[in-house]
Amino acid sequence: TEEGFEKGVKVALFDVTDPTSPKQQYALSLGDRGTNSEATWDHKAFLFHAASGLVVFPLQLRVVSAEQRERAGPEQVRWMWGELVVDGAVVLYLGQQGFESVGTVTHLDSALDHRLGGWFWHSVRKIYRAGYMAAARSTVAGEAKQEVLFTYSQREIRVYDLDGLDELSRLNLTQPQCHPRPPSRTTEPGRPHILPFPVMPAEPDTP
């Protein structure tokens, strides 16, 4: 805005045939004030698969509803933060007609997760990276190509079928089985056994 406020997130494609005069070809604006993405300051958060046109990046999407706009009026609405509606990643495709929105995915499973995610930017459930893979799978009719999307947060990895964004699998990175097992107590002779975490001595029994 003229006041210097961000009003959502914009993704755009520029023709840079002439580097001195880039021309915007396609653009898509997402959300209202308060919407943000890690991709705006970390290029590694932005996934683009050129062969398929797949575009994925983290997004905290906030939207000012029609009711809020009417209640606030045109002078106040530009100052308003939108309500959090998505805290995850947005999935787009870039084609001949520009950007097409496919949908969104999230690692927030409950209403409480959703509310907390809106206040804590560094939540362990926030998606910060995405990956793409295409693999052949066997069907009754023969082999078929399946394209999958991986999303990563500090808590887990989730896998989605790009044909409908149905979740296929997830791996919880905070479960004990994902941590290194303590070394065996049969160590080398004369070498003390060291656990990879501190062990507090047991309290003596009280009479």
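What you see is a predicted model; the values in this text were computed from it and never measured.
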Q. Roughly how far, to the nearest 0.5 Å, is OH of Tyr128 from OG1 of Thr151?
A. 10.5 Å

Q.
Donor-acceptor check, side chain of Asp15 to backbone of Lys23, threshold 3.5 angstrom: yes or no?
A. no

Q.
In the structure I gave you, are the side-chain heavy atoms of Leu13 and Phe99 within less than 4.5 Å of one another anywhere?
A. yes

Q) When you look at CD of Glu67, are more than 12 heavy atoms from neighbouring residues, nucleotides or ligands closer to it than 6.0 Å? A) no

**Q.** side chain to side chain contact (heavy atoms under 4.5 Å, CB included) partner of Val9, chosen from Thr35, Leu28, Val90
**A.** Thr35

Q: Could you name each residue pair satisfying salt bridge (Lys or Arg N to Asp or Glu O under 4.0 Å) that touches residues 161-171, not counting sequence neighbours?
A: Asp109-Arg170, Arg158-Glu167, Glu167-Arg170

Q.
Checking one residue: Val16. Which other hydrophobic residues are in its cluster under the side-chain 4.5 Å linking rule?
A. Phe14

(Q) Check this for me: does any side-chain nitrogen of one of Lys126 and Asp87 sit under 4.0 Å from a carboxylate oxygen of the other? (A) yes

**Q.** Cluster companions of Ile127 among Ile, Leu, Val, Met, Phe, Trp, Tyr (side-chain spacing under 4.5 Å)
**A.** Leu47, Leu54, Val56, Val91, Tyr93, Val102, Val105, Tyr132, Leu149, Tyr160, Leu162, Leu165

Q | Expected output: side-chain Tyr26 to main-chain Gln96 donor-acceptor under 3.5 Å | A | yes

**Q.** Leu84 and Gln60: CA distance, side-chain angles, deciding distance, side chain to side chain contact (heavy atoms under 4.5 Å, CB included) verdict
**A.** CA-CA 7 Å; Leu84 182 66; Gln60 192 176 59; 3.3 Å; yes

**Q.** Ionic contact status for Glu38 with Arg129, cut-off 4.0 Å
**A.** yes

